[in-house]
Amino acid sequence: MAQIKEQRILDYVLQNAIKGNPQNIVDAIDKYCSEMEWAMNVGNEKGLILDKIVSETNPATVLELGTYCGYSGVRIAQLLKPGACFLTIEKNPVHAAIAKQMFEFAGVKEKIQILEGSSEEIIPKLKSKYKVNTFDFIFIDHWSDRYVPDTKLLEECGLLKKGSVLLADNVVYPGAPDFLQYVRNCVRYECTNYPSHLEYSDKEDALEKAVFKG
Ligand SMILES: Oc1cc(-c2ccc(F)cc2)cc2nccnc12
Ligand SMILES: [Mg+2]
């Protein structure tokens with residue numbers, strides 16, 4: 001059967017990484033994607049910045065927009081305290097299936113719930129259907145044209161509280177200029193930019209942190 005890149009990444013992890021060892025699985029994905037096939041995981045350079053911000057936030061509730069193969073999900077899950085609630089939204093059913101297997105292999109499947117569907121459909125249902133109140137940390141890593149509408153949706157649905165940390169990937173490459181403009185000009189956010197590079201590349205990229213002020 002014709003294989004897709006994401007399946008090859010998962011197969012490489014299943015055959016070469018240590019089951020139940022999240023960091024080893026993250027390292028295996030980085031090795032495969034830097035040596036064999038580029039893929040849009042956040043990668044290790046931006047991943048270390050992500051780790052630092054997650055650790056500083058020490059969130060009890062996490063939302064990720066854009067699961068992909070589960071790379072950032074595994075990175076974040078290994079940093080969460082026991083009992084933390086981590087929801088990740090993935091629109092592509094094939095990617096969701098890959099990520100589910102990645103989380104099982106990493107031993108983090110009890111920490112993460114994958115919600116299959118579009119962010120615009122799922123976000124309005126989070127309070128009612130998934131018993132969420134607000135999120136302490138949100139990693140935005142799906143399609144850049146959804147960054148602003150989904151941020152506004154999170155506000156409108158009352159899913160942000162004073163101190164909620166939004167962290168957006170790819171604000172330089174492929175770029176999310178409208179998101180930068182929105183959060184940097186909105187008094188309700190305090191923004192910090194973290195210059196870095198596109199995963200497995202020397203192209204410039206950056207993460208943007210936007211802390212909700214309530
Ligand atoms: O980190 C990323 C990188 C890219 C991407 C695609 C093509 C290129 F040429 C360069 C970069 C797309 C992404 N889409 C969604 C979430 N994250 C992404
Ligand atoms: Mg990305």
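For the single chain, residues carry numbers from 1 onward in sequence order. As the structure lists them, so they are numbered: ligands from 1, and atoms in each ligand from 1.
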[atom2] on [Y] to [atom1] on [X], rounded to 0.5 Å:
X      : Y      : atom1 : atom2 : answer
Asp169 : Asn41  : CG    : CG    : 10.5 Å
Glu45  : Asp205 : CD    : CG    : 9.5 Å
Asp150 : Ile89  : CG    : CD1   : 7.5 Å

Atoms of ligand 1 close to [X] [distance to a heavy atom under 4.0 angstrom, numbered from 1]:
X      : value
Asp141 : 15 (C), 16 (C), 17 (N)
Asp169 : 1 (O)
His142 : 14 (N), 15 (C), 16 (C)
Glu199 : 1 (O), 2 (C), 3 (C)
Trp143 : 14 (N), 15 (C)

Worksheet entry | Closest heavy-atom pair and its distance - Leu153, Ser119 | CD2-O, 4.4 Å
Worksheet item: Quick one: does Gly66 get a heavy atom under 4.0 Å from ligand 1?
Response: no
Worksheet item: Under a heavy-atom criterion of less than 4.0 Å, does Trp38 contact ligand 1?
Response: yes
Discussion item. Check for me whether Lys209 meets the cation-pi criterion with Tyr189, that is, NZ or CZ under 6.0 Å from the six-membered ring centre and within 45 degrees of the ring axis.
Written reply: no
For [atom], what is the nearest protein heavy atom, given as residue, atom name and distance?
atom                    : answer
atom 18 (C) of ligand 1 : Asn170 OD1, 3.2 Å
atom 13 (C) of ligand 1 : Met40 SD, 3.5 Å
atom 10 (C) of ligand 1 : Tyr173 CE2, 3.2 Å

Practice prompt. Answer with yes or no after comparing the ring centroid distance for Tyr173 and His197 against a 6.0 Å cut-off, counting only values under it.
Written response: no
Worksheet item: Between the side chains of Arg75 and Tyr71, does any donor sit under 3.5 Å from an acceptor?
Response: yes
Discussion item. For Tyr147 and His142, take the angle between the two ring planes, folded into 0 to 90°, and tell me which bin it lands in: parallel under 30, tilted 30 to 60, perpendicular over 60.
Written reply: parallel
Worksheet entry | Check ion pair Glu208-Arg184 (N to O, under 4.0 angstrom) | yes
Discussion item. Could you enumerate the protein N, O or S atoms under 2.8 Å from the Mg ion (ligand 2), written like residue then atom name?
Written reply: Asp141 OD1, Asp169 OD2, Asn170 OD1
Item to complete: Would you please name every residue forming a side-chain contact (heavy atoms from CB on, under 4.5 Å) with Asn58, sequence neighbours left out?
Response: Lys81
Practice prompt. Determine whether Tyr68 and Leu14 fall in the same hydrophobic cluster, where Ile, Leu, Val, Met, Phe, Trp and Tyr are linked whenever their side-chain heavy atoms lie under 4.5 Å apart.
Written response: yes
